[in-house]
*Asks:* 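Before anything else, here's the structure in question.
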There are 2 protein chains.
Amino acid sequence: MKPRSNKSKRTRKRIVAKHLADELGVSISTISRAFTPDTRISPKTKAKILEYAASIGYQPNPYAQSLTTQNNTIVGIVVSDISNNPFYPEALARLSDALRQAGYNAMLFPVSEGQTPDDVLPQALAFEPEFVIVLAATVSSQATVFAAEGGTNLIFFSRYVPGSPTFSVTCDNADGGRAIAEHLVECGHTRLAYIAGTPKTSTNRDRWTGFSERCTELGVTDVHKEETGIFSYDSGYQAALRMFARSARPEAIFCANDIVALGAMDALRGELGLKVPDDVSVAGFDNIFMSGWPSHSLTTYNYPLEQMIAQTMMLIERISNDPDYDPISVVVPGHLVVRSSTRARNGQDEHPAG
Amino acid sequence: MKPRSNKSKRTRKRIVAKHLADELGVSISTISRAFTPDTRISPKTKAKILEYAASIGYQPNPYAQSLTTQNNTIVGIVVSDISNNPFYPEALARLSDALRQAGYNAMLFPVSEGQTPDDVLPQALAFEPEFVIVLAATVSSQATVFAAEGGTNLIFFSRYVPGSPTFSVTCDNADGGRAIAEHLVECGHTRLAYIAGTPKTSTNRDRWTGFSERCTELGVTDVHKEETGIFSYDSGYQAALRMFARSARPEAIFCANDIVALGAMDALRGELGLKVPDDVSVAGFDNIFMSGWPSHSLTTYNYPLEQMIAQTMMLIERISNDPDYDPISVVVPGHLVVRSSTRARNGQDEHPAG
DNA sequence: AAAATTTGTGCAAACGGTTGCACAAATATT
DNA sequence: AATATTTGTGCAACCGTTTGCACAAATTTT
């Protein structure tokens, strides 16, 4: 966090406000006012300054600005196991883009192997960002307090800290679980199974809860749960093998996410020689782009990334305008995407590529 | 780039050096010296200060540091069409992690729809970073000059600007093309084809060049090139269909990258009912994680991401120590990964999952 | 024991902006 | 035409550090 020893400068001579001031025969204050909204400055001089500034590529030094205004444009993004699920990088890319368009700058704080988000959070807080977005991770409640003391708002994206009054934007995982349950039951299946993702994540928990509750409501009681697993292809692959080594094989499987589902599917079709959906239906969650590929054509629940980004930006805007805006959890519903990995009940079959 | 209007602060009262100074009965200078290496300070007072600082969570204000030292820890990362290829997010995640471990902070500058890297580069330069890494994109030569004037080193990752003396770290795409060519010829194929990626990218160009050159060297002259395409699943899918609508069907296809190859493969197997590799061999480039899945088991050339990151960090270290270090292009070789999408010559068959 | 050196600390001037206050010029009000 | 108001600009203090310089105290050398 400490500035690097700066042996390296090839005559880095930065243009500063004083230069413009001298050149245009005005004071430094006036230069500053040309770049600050809501200040008294004549349109003429402002135009003159901005034009000249543009011509020589002057921009006010952001460090000095931060120092004087006690503000900055930085939004920290804490990311952990981002490479696991192709969905997170996408979220990161979109988020940072949306932030930039709103005038913020995204600074990345990856959680290294063997670290926890709590370890890197202080590094983010050192920049005193107005917001830190925690992507696909959670932090301790102490850490949330620490952030709050510094005036930084923590926003959890895609996960949340149960019971803690924090900002969060999540997909309606429970609704997704219910939708899948409904769909599988409608397909005529009665022996269902769930392949779990990473334990103790709110995503995994809520998807299972929604799924199992809806099953019960619909009178389906034969619901097996394959607990040990994480959100990965391999985990899905192995879980499917374990599951089908048992005597009571399920007719349909709901997997904690698409990656897991694709793994399970490949195990069933490859290693076990089963047909999907003829022998067994498989459904996932997220609707990652691979799920639309003809090779798998996975039925899934669409993760409403677009809207979640939008909601996050709205949240940021709102908090920014009203510091006393109370923590809320925004839950965004997605929608069922039926493809050909689940048995068609009425011949419905969606089959888009890539 | 301008600090946000700061209506939002819930009593953000930051701990500053003066507080420590008063509390410990020393001067602000002394506090500063406890955090700055190579300065005269007695071990006792230093320990006392650091201990107290840690207990109350004090960290020197990075903006003030940047201002006084004329240095900062920020490295800009310009990213464009990152979501297209799962390989880029991975690179981004690893890069930012490596940077953080080296004491830098990665600031993201995504190129929005309809923009060019040239448009966002100035925003990055405003922070006067010692380095800006341009990921999977190129910029105009004017822009490189502009960056150099400000003292910022541009490092191109995965692409490069031909003819321009800039820093770049790339995979040995030509070698990869040659390796694939060799492999396909060794498999006994004589009618080959190439499905191109995004035109005018150095990656696409170099892969094709290596491939076609090696084919010629090996005496194989029947090499068709399907030009129109980009780096996407759909593009590969369509290209394969076009290619097989012609009378002279190839025996083996080399695709510009794995995503394209997976698309092509799905078209061949799904829509055309062909068997891979029995009817046609398919090879890709990058070795993205999906390529290892049993469902596709794609022969490919491994993108040496790990080493490329390492090389990039070495470059950064070196430039940082020697400002006059001259621009170089680091080209990192990968290696062939033979799986079962290409006809086995001697029964070799690699088949790892996940 | 005096002189020379080393060591640790404090003072004050930067770094590059922003902004409250003062004030002259321009404009509006009587 | 005199007064009141508005508008635009400059001065100077401040944001939170770092660091050259000065200097007293501690240590080493003669």
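Naming convention: chains lettered A, B, ... in sequence-line order (proteins, then strands); numbering from 1 in each chain. Predicted model, so just to flag it, every value in this text is computed and none were measured.
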*Asks:* Using the six-membered ring wherever Trp is involved, compare the ring planes of A/F131 and A/Y104 and label them parallel, tilted or perpendicular (cut-offs 30° and 60°).
*Replies:*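 Perpendicular, since the angle between the ring planes exceeds 60°.
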*Asks:* Side chain of B/R14, heavy atoms from C-beta onward: which of D/dC15, D/dT9, D/dT17 has the nearest atom to it?
*Replies:*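 Taking heavy atoms from C-beta onward, the closest nucleotide is D/dT17.
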*Asks:* Looking only at side-chain N and O atoms, does A/Q65 come under 4.0 Å of OP1 or OP2 in C/dG16?
*Replies:*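 No.
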*Asks:* NZ of B/K46 versus P of C/dT9: gap in Å, rounded?
*Replies:*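 My rounded result for the distance is 12 Å.
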*Asks:* Closer than 4.0 angstrom, basic N to acidic O: yes or no for A/D97 and A/R100?
*Replies:*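 Between A/R100 and A/D97 there is a salt bridge, with a charged N closer than 4.0 Å to a carboxylate O.
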*Asks:* With nearest nucleotide decided by heavy atoms, which residue, B/I28 or B/T68, maps closer to the 5′ end of DNA chain C?
*Replies:*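 By nearest-heavy-atom nucleotide position, the 5'-most residue is B/I28.
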*Asks:* Using whole Å, report how far CG of B/N61 lies from C1' of D/dC15.
*Replies:*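 So the CG-C1' distance, B/N61 to D/dC15, works out to 9 Å.
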*Asks:* Output the rounded distance in Å from CD (A/Q70) to P (C/dT19).
*Replies:*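 Result: 11 Å.
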*Asks:* Begin with the C-alpha distance, continue with both residues' side-chain angles, and end with the deciding distance and a verdict on side-chain contact (heavy atoms from CB on, under 4.5 Å) for B/F156 and B/V161.
*Replies:* CA-CA 8 Å; B/F156 293 91; B/V161 187; 3.5 Å; yes
*Asks:* Out of D/dT19, C/dG17, D/dT7, which has the shortest distance to the side chain of A/R40?
*Replies:*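 Side chain of A/R40 sits closest to D/dT7.
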*Asks:* Among C/dG17, C/dA12, D/dT17, find the nucleotide with the atom closest to the side chain of B/S29.
*Replies:*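 Among C/dG17, C/dA12, D/dT17, the one nearest the side chain of B/S29 is C/dA12.
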*Asks:* To the nearest angstrom, how far is B/Y58 atom OH from D/dT17 atom C1'?
*Replies:*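 Roughly 7 Å, once rounded to whole Å.
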*Asks:* Quick one: which of C/dT19, D/dT19, C/dG17 gets closest to the side chain of A/T69?
*Replies:*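 Of the options given, the side chain of A/T69 lies nearest C/dT19.
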*Asks:* Starting at atom CG of A/N72, determine the distance to atom P of C/dG17, rounded to an integer number of angstrom.
*Replies:*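 So the CG-P distance, A/N72 to C/dG17, works out to 17 Å.
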*Asks:* Nearest to the A/S42 side chain among D/dG16, D/dT9, D/dG10, which nucleotide is it?
*Replies:*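 Given the options D/dG16, D/dT9, D/dG10, the side chain of A/S42 is closest to D/dT9.
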*Asks:* Under 4.0 Å, heavy atoms only, any strand: does A/T30 hit a base, just the sugar-phosphate, or nothing?
*Replies:*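 If one applies the 4.0 Å heavy-atom cut-off, A/T30 turns out to touch the sugar-phosphate alone, with no base involved.
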*Asks:* For the pair made of NE2 in B/H19 and C1' in D/dT17, what is the distance, rounded to whole Å?
*Replies:*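 The answer, rounded to whole Å, is 17 Å.
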*Asks:* Measure from the side-chain heavy atoms of A/V26 and tell me the nearest of D/dG10, C/dG17, D/dT17.
*Replies:*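 Among D/dG10, C/dG17, D/dT17, the one nearest the side chain of A/V26 is D/dG10.
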*Asks:* Do B/D322 and B/R318 meet the salt-bridge criterion of a basic N to acidic O distance under 4.0 Å?
*Replies:*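 No, no charged N to carboxylate O under 4.0 Å.
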*Asks:* Please work out if A/T45 contacts a base, only the sugar-phosphate, or nothing of the nucleic acid, heavy-atom cut-off 4.0 Å.
*Replies:*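 Sugar-phosphate only.
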*Asks:* Which pair of heavy atoms, one from A/F127 and one from A/F109, lies closest together, and at what distance?
*Replies:*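 For A/F127 versus A/F109, the nearest heavy atoms are CD1-CZ, 4.2 Å.
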*Asks:* From CZ of B/F127 over to C1' of C/dG16, roughly how many Å is that when rounded to an integer?
*Replies:*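 So the two atoms are 15 Å apart, to the nearest Å.
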*Asks:* Send over the distance from A/K18 NZ to C/dC15 P, rounded to a whole Å.
*Replies:*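 The distance from NZ of A/K18 to P of C/dC15 comes to 11 Å, rounded to the nearest Å.
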*Asks:* Taking the minimum atom-to-atom distance to the side chain of B/R33, which one of D/dT9, C/dT7, D/dT19 wins?
*Replies:*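 Nearest to the side-chain atoms of B/R33, counting from C-beta on, is D/dT19.
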